[in-house]
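Read through the structure below, which is laid out as structure tokens, and then see the notes.
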Amino acid sequence: MADGTERRPRAYIGSFTSAGGRGITTAVLDPHTGALTAQHHTEDAVADPSFLALGPGGGVLYAVSETDRGGAAAFSLSDLHAFHGNHGAHASRDAGPFPVPLDGTVPVDGSGPTHLAVTGDALYTANYTSGSVTALPLRPDGGPGTGAHTHQHHGRGPVEERQEGPHAHAVVPDPSGRWLLSTDLGTDSVWIYDLRGAPTGLRLHREVPLRAGTGPRHLAFAPEGTGAGQQATARRVYVINELDSTLTTCRWDADRGELEPLGETRVVPQERAAVANHPSALVVSPDGRFAWAANRGDDSVAVLDLTSAPLPELLTTVPCGGHWPRDLAVHPPGGRLYAANERSGDVTWFEIDPEDGTPLLRGSLPAPAASCVVFA
């Protein structure tokens, strides 16, 4: 800041405004305790901003609008807007920057977008209801432009009530920036897009099937050179499956854009297998030793040992501190875990035991219809 004081880190919390959420909440993070304190809400600036992502450099925050019409929006986090609103010239050092809309919501030519990512000069969305992936060009100010290019997925799975057609759920660029991977819950597969030299930024490379009925929802890359059996030219990719409470471990080859499923690990103990459960989010520790999966229904966080061979091992589960954990986030240094509990309307935070990866509940912040947490 201009006066030389250090501004505390920020968390941005997405929500479902249609269920009482207050849009995007800006919260201050206490670096000593991990506690969150809410400061600002965008309210109805964007309808149902259920998933958020920071752009390169952290100056722009992107949000989906998870509605039938489907849209994406961008917010400036510039210090020029640090005192936006009614905080006045004498606001504390923790005031701002608050998200300020760069423009209105831009259509994504798909319905029910649930996830988005930014890479290169494009914004990508996974459109759950329509079962498609969209690429939007970015304007010079970082906001999404018009002229969406959409690729429609095709196929279905054996779970009739959830897999009657395609349901793209996530879009994740690989670390090389050459590929975009999209999990599709409806087709039981991961769709891989080649981002190299494609004028639209979206060119299908291949579709990789997973076991029928698993319902792949999200995926995460392991840090390079970590995980059991890691090879020099390949790294691990972990896919969380919503329909059967499993984690699929895959080998990823960035040179060829090839994904090879290796096996599965349960994310709830076998004795609780009969409880209806729908895993949602998956995050990997910065050192690649552990992964944490959110269990909706079981209302728990699963702890997985990624160094176990040949597949990750479920170490334990702990209560999420709320109800229906929709998202997880690791604060960048890796010492704390945060859960957005949609139905109890709060964000809980945990200290992580560095020896065994167990999350230890430390506090919570009320956040109606919370759906996502990102840090800046």
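Note that the structure is predicted; figures quoted are calculated from it, not measured.
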Scan side-chain atoms only and decide if [X] and [Y] contain a donor-acceptor pair under the 3.5 Å cut-off.
X	Y	answer
Ser189	Glu207	yes
Arg296	His278	no
Asp184	His153	yes
Asp174	Trp252	yes
Asn127	Thr134	yes
Thr150	Ser132	no
Thr317	Asn295	no
Ser78	Ser76	no
His331	Tyr338	no
His169	Thr183	no
Asp48	Thr17	yes

Ionic contact status for [Y] with [X], cut-off 4.0 Å:
X	Y	result
Glu258	Arg235	no
Glu164	Arg156	no
Arg211	Asp244	yes

Rounded distance (nearest 0.5 Å) linking atom [atom1] of [X] with atom [atom2] of [Y]:
X	Y	atom1	atom2	value
Phe98	His41	CZ	NE2	10.0 Å
Asp305	Leu315	CG	CG	5.0 Å
Arg326	Glu342	CZ	CD	5.0 Å

Would you indicate whether the side-chain heavy atoms of [Y] and [X] approach each other to under 4.5 Å?
X	Y	result
Ser245	Pro279	yes
Thr214	Glu264	yes
Val118	Leu138	yes
Leu219	Ile240	no
Phe221	Leu181	yes
Val303	Leu314	no
Val171	Thr125	no
Ser285	Val330	no

Around [X], counting heavy atoms of other residues, nucleotides and ligands shown, do more than 12 lie under 6.0 Å from its [atom1]?
X	atom1	value
Asp353	CG	yes
Glu271	CD	yes
Arg69	CZ	no
Asp121	CG	no

* Tell me, with the steps shown, if Asn277 and Asp298 meet side chain to side chain donor-acceptor pair (under 3.5 Å). => CA-CA 6 Å; Asn277 187 60; Asp298 194 60; over 6 Å; no

Only distances under 3.5 Å count here; give the side-chain donor-acceptor pairs of residues 362-376 to other protein atoms, sequence neighbours excluded, each with its distance to 0.1 Å.
{"unit_1": "Ser371", "atom_1": "OG", "unit_2": "Gly14", "atom_2": "O", "d": "3.3"}
{"unit_1": "Ser371", "atom_1": "OG", "unit_2": "Ser15", "atom_2": "N", "d": "3.2"}
{"unit_1": "Ser371", "atom_1": "OG", "unit_2": "Ser50", "atom_2": "O", "d": "2.9"}

Quick check: closest heavy atoms across [X] and [Y], and the distance to 0.1 Å?
X	Y	result
Asp103	Arg139	CB-NH2, 3.7 Å
Leu29	Arg8	O-CB, 3.7 Å
Val275	Gly297	CG1-O, 4.5 Å
Gly213	Asp188	N-OD2, 2.6 Å
Leu328	Ala294	CD1-N, 3.5 Å
Val284	Trp292	C-CZ3, 4.3 Å

* To do: Quick one: do Asp194 and Arg206 satisfy salt bridge (charged side-chain N to carboxylate O under 4.0 Å, His left out)? Show the steps, please.
  => CA-CA 9 Å; Asp194 189 344; Arg206 58 165 51 99; over 6 Å; no

Mind checking whether [X] and [Y] sit in one hydrophobic cluster, side chains of I, L, V, M, F, W, Y counted as touching below 4.5 Å?
X	Y	value
Val108	Leu102	yes
Leu243	Leu210	no
Phe350	Val283	yes
Leu136	Leu202	no
Ile24	Ile13	no

Would you confirm whether [X], through its side chain, and [Y], through its main-chain N or O, come within 3.5 Å as a donor-acceptor pair?
X	Y	value
Ser182	Ala170	yes
Gln152	Ser130	yes
Thr42	Ala45	no
Arg343	Pro325	no
Ser176	Arg178	yes
Arg10	Ala27	no

* Asked: Of Arg162, His218, His167, which meets side-chain hydrogen bond (donor to acceptor under 3.5 Å, both in side chains) against Glu242?
  ->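 The side-chain hydrogen bond (donor to acceptor under 3.5 Å, both in side chains) with Glu242 is passed solely by Arg162 among Arg162, His218, His167.
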
* Could you go step by step and tell me if Asn341 and Thr348 meet the side chain to side chain donor-acceptor pair (under 3.5 Å) rule? -> CA-CA 8 Å; Asn341 301 308; Thr348 48; 3.2 Å; yes

Contacts under 3.5 angstrom, residues 51-63 side chains, donor-acceptor by atom type, not counting sequence neighbours:
{"unit_1": "Tyr62", "atom_1": "OH", "unit_2": "Gly142", "atom_2": "O", "d": "2.4"}

